[in-house]
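This structure is a prediction, so every number in the text was calculated from the model and none was measured.
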Amino acid sequence: TIVGIGKAIPSKVITNHDLERLVNTTDEWIVTRTGIRERRVVPDGVTTSDLGFEAATEALRDAGVDAADLDLIIVGTATPDMILPATACILQDRLGARHAGAFDVSAACTSWVYAAAMAHGYIAAGLAENVLVVGAETLSKITNWRDRDTCVLFGDSAAAVVMRPAPVGQGFLSFVLGADGSGGSLLSLPAGGSRAPASFETVERGLHYLQMNGREVYKFAVRCIPRAIASVAEQAGIALEDVACFIPHQANIRIIDAAAERLGQPREKFFVNVERYGNTSSASVPVALYEAWEEGRIAPGDLLILVAFGGGLTWGACALRWTKAGPQTAE
């Protein structure tokens, strides 16, 4: 189960009106198609591990767990500090978690859900007791701010949780993970790996920026999100009507609305903060979870379903019975 939670939100805000001065777009166009009104970006010199460290420090403090007692650190990210070492290793050193193993998970926007599933597996197998799971992104560094189709969508943030063993029936109840590699080209960062090493040509052609076929990704998301939610609920043996709150990936308000309609669930049960942050990839779901908890939308005993989709193409969902008191109660 989750015993501690933290987040890191950059202070710099870029509104839709700011983007009107950069590309051919309008606030109305962006809001109508995405629901996004503003997004946060890190200042120059701030890295993904910096955001991860801030979120992790809060999560550890909230859990009452010392970094030295961590057994494992897993960071989900599409924007690591560098190809190697892993961002998790950078965090491990900075936190002083000298007894913890550390590695990154790369499943684009689904990375944190994948990472939580791996942490659950380690704990359930008796291989770890205290696991830090981080979702952190600085997507502003790989966004082409002259590309109207992508620059309106993405932002930076991080969130982290500390996971520990829980009694059967409490905490995480089930996971569903999936992938369809045939759609990998629909959302990618083409250069910088072994297929297209960095060169003058790759930089000049803008291949170190995110490339996305928005129409096809949207169609994929509208199909996969309801299926993933229904599947993970079935595996957990719970009815959708009994779920107190759905925490979806915050990519596009129309995707969330479509999922609620297809599942026949009240839109009010879906937590939404996409208007403030945009799509923050692997940080999206844990940041939304943090804010749902912070705002008192979820309470101990509530059934939750978290769901994400992303490049790869990947998707993932988890069902859990929430066990953590709210911040006011905890104080």
Side-chain angles (χ1 to χ4, degrees), residues 7-48 50-51 54-55 77-79 108-109 135-159 186-187 189 206 208-219 221-222 247-260 267-268 270-292 294-295 297 308-311:
K7 72 173 181 178
I9 306 295
S11 59
K12 183 178 179 180
V13 177
I14 294 183
T15 67
N16 292 345
H17 295 295
D18 294 328
L19 292 178
E20 290 176 349
R21 296 190 286 269
L22 296 177
V23 293
N24 181 23
T25 192
T26 65
D27 174 68
E28 181 184 11
W29 188 91
I30 299 170
V31 172
T32 300
R33 287 161 178 77
T34 69
I36 301 168
R37 297 185 181 276
E38 60 186 37
R39 66 288 295 145
R40 304 298 182 95
V41 300
V42 294
D44 291 342
V46 173
T47 68
T48 295
D50 290 330
L51 289 181
E54 182 181 341
T77 185
T79 53
C109 302
E137 301 286 9
T138 51
L139 292 169
S140 60
K141 296 176 183 290
I142 59 170
T143 296
N144 183 350
W145 292 97
R146 296 180 180 179
D147 177 10
R148 182 184 72 166
D149 293 335
T150 56
C151 76
V152 303
L153 301 175
F154 300 108
D156 304 335
S157 68
L186 299 178
L187 179 54
L189 198 156
H208 296 269
Y209 293 127
L210 283 170
Q211 315 280 318
M212 185 174 71
N213 183 327
R215 183 182 299 275
E216 292 303 315
V217 171
Y218 176 85
K219 287 161 59 176
V222 169
I247 312 285
H249 174 41
Q250 307 290 311
N252 186 311
I253 193 65
R254 293 191 298 156
I255 294 172
I256 297 171
D257 288 343
R267 170 63 171 70
E268 296 73 26
F270 288 74
F271 184 83
V272 175
N273 62 8
V274 67
E275 72 279 359
R276 298 195 304 276
Y277 305 130
N279 182 345
T280 59
S281 188
S282 66
S284 168
V285 167
V287 167
L289 177 66
Y290 181 105
E291 295 196 342
E294 185 180 42
E295 294 173 16
R297 289 281 301 273
F309 66 91

Please determine whether the number of non-hydrogen atoms from other residues, nucleotides or ligands lying under 6.0 Å from atom CZ of R37 exceeds 12. no
Is there a donor-acceptor pair under 3.5 Å between the side chain of E137 and the backbone N or O of S282? yes
Salt-bridge test for E291 and K7: reply yes if a basic N is under 4.0 Å from a carboxylate O, no otherwise. yes
R39 side chain vs I14 backbone, donor-acceptor pair below 3.5 Å: yes
Step-by-step side-chain hydrogen bond (donor to acceptor under 3.5 Å, both in side chains) determination, T48 to T77: CA-CA 8 Å; T48 295; T77 185; 4.6 Å; no
Are any side-chain N or O atoms of Q250 and backbone N or O atoms of T280, one a donor and one an acceptor, separated by less than 3.5 Å? no
Testing the basics here: between P248 and V285, what is the closest heavy-atom pair and its distance to 0.1 Å? C-CG2, 4.2 Å
Counting only heavy atoms not in R146, do more than 12 fall under 6.0 Å of its CZ? no
Test side-chain hydrogen bond (donor to acceptor under 3.5 Å, both in side chains) applied to T15 and E38, step by step: CA-CA 4 Å; T15 67; E38 60 186 37; over 6 Å; no
Exactly one of L153, V217, T34 should register a side chain to side chain contact (heavy atoms under 4.5 Å, CB included) with N252. Which one does? T34
Please check this pair: side chain of T138 against backbone of K141, looking for a donor-acceptor N/O pair closer than 3.5 Å. no
On a heavy-atom basis, the closest approach of P10 and V42 is CG-CG1, 3.7 Å
What is the minimum heavy-atom distance between V287 and I9, and which atoms define it? CG1-CD1, 4.1 Å
Whether W145 side chain and V23 backbone form a donor-acceptor pair below 3.5 Å: no
Before giving the answer on side chain to side chain contact (heavy atoms under 4.5 Å, CB included), spell out for F271 and L289 the whole-Å C-alpha distance, their side-chain angles and the decisive distance to 0.1 Å. CA-CA 8 Å; F271 184 83; L289 177 66; over 6 Å; no
Are any side-chain N or O atoms of R148 and backbone N or O atoms of T25, one a donor and one an acceptor, separated by less than 3.5 Å? no
